[in-house]
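Here is the structure we will look at.
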Amino acid sequence: MAPLLHTSTDKAVKDFITRPSHAVIISGPLGSGKGTLASYMAGELLGIDAGKLNDHPYVLWVHDSEKGVAIETIRNAQSFLQLKTPGKRKIRRALIIEQGETMSLEAQNAFLKILEEPPT
């Protein structure tokens, strides 16, 4: 089920789903529904119900630990993004990073490399 969104946000989300790039930033205050929106968008792009994302083998959720998102976590995400995936859909995997602002400096640099040179 689609989340209830402001008209301009709804248009932006639909435009992104129609013509996705390799990355999107969802920004807003804590508790504003960013995670729900990320789940919805990932589900739409992968062609599965957003409620089944936790069981999907090609969806990786990155959460911050007590110390923030560590470099090891981003390195694991790099490996995940390089996996071959079956199917003919343009988008076949999703990486969702929650509270990305908690990344260590090393993790930020490693993630920037993923964004600048995304895997095929």
Side-chain angles (χ1 to χ4, degrees):
M1 182 163 95
L4 180 60
L5 301 170
H6 184 274
T7 309
S8 61
T9 305
D10 188 51
K11 181 182 180 326
V13 168
K14 287 178 181 171
D15 287 347
F16 179 80
I17 291 170
T18 303
R19 294 181 312 278
S21 63
H22 71 280
V24 64
I25 294 176
I26 302 172
S27 177
L30 189 64
S32 62
K34 299 179 300 287
T36 302
L37 182 58
S39 295
Y40 169 73
M41 292 172 68
E44 289 294 309
L45 291 169
L46 294 171
I48 61 171
D49 180 56
K52 297 181 181 178
L53 287 178
N54 289 335
D55 299 327
H56 196 277
Y58 299 113
V59 175
L60 178 63
W61 289 82
V62 173
H63 306 275
D64 68 328
S65 66
E66 293 176 9
K67 298 179 181 178
V69 178
I71 181 69
E72 295 82 21
T73 306
I74 298 302
R75 286 188 181 137
N76 290 339
Q78 285 174 325
S79 298
F80 166 78
L81 291 173
Q82 292 173 351
L83 294 173
K84 300 286 185 204
T85 55
K88 297 191 185 298
R89 295 184 76 88
K90 183 176 180 180
I91 305 293
R92 294 189 302 270
R93 64 180 159 236
L95 169 65
I96 300 173
I97 300 178
E98 292 189 37
Q99 297 178 335
E101 70 274 7
T102 66
M103 280 189 215
S104 67
L105 184 59
E106 295 83 10
Q108 290 175 30
N109 289 330
F111 189 64
L112 181 60
K113 184 168 176 72
I114 295 172
L115 291 175
E116 290 176 339
E117 302 169 15
T120 317

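Bear in mind the structure is a predicted one, so any value in this text is a computation, not a measurement.
A pairwise comparison of heavy atoms in Gly35 and Trp61 identifies O-CH2, 4.4 Å as the closest pair. Taking all atoms of both residues into account, the shortest heavy-atom contact from Thr85 to Arg93 is CG2-NH1, 3.7 Å. When all heavy atoms are compared, the tightest approach of Ala42 to Ala94 is CB-CB, 4.1 Å. Nearest heavy atom pair, residue Ser39 against residue Leu53, reads O-CD1, 3.3 Å.
When the side chains of ILVMFWY residues are joined at heavy-atom separations under 4.5 Å, either directly or via intervening members, Ile26 and Ile91 end up in a single hydrophobic cluster.
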> Are Arg89 and Leu45 close enough, and set up right, to give a side-chain contact (heavy atoms from CB on, under 4.5 Å), and what steps lead you there?
Replying inline: CA-CA 9 Å; Arg89 295 184 76 88; Leu45 291 169; over 6 Å; no

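Here CD of Glu117 is found 9.5 Å from CG of Leu112. Values are rounded to the nearest 0.5 Å. With values rounded to the nearest 0.5 angstrom, Arg92 atom CZ is found 11.0 Å from His56 atom NE2.
A donor-acceptor distance shorter than 3.5 angstrom exists from the side chain of Lys34 to the backbone of Pro29, with no hydrogens or angles considered.
The local environment of CD1 in Ile25 is sparse, with at most 12 non-hydrogen atoms from other residues, nucleotides or ligands closer than 6.0 Å.
Summarising the hydrophobic clusters (Ile, Leu, Val, Met, Phe, Trp, Tyr; side-chain heavy atoms under 4.5 Å, direct or chained), the residues clustered with Leu60 are Val62, Val69, Ile74, Phe80, Leu81, Leu83, Leu95, Ile97, Met103, Phe111, Ile114, Leu115.
Counting heavy atoms from C-beta on, the side chains of His63 and Thr73 never come closer than 4.5 Å. Between Phe16 and Lys14, every side-chain heavy-atom pair lies at or beyond the 4.5 Å cut-off. Under the 4.5 Å side-chain criterion, counting only non-hydrogen atoms from C-beta, Leu37 is in contact with Met41.
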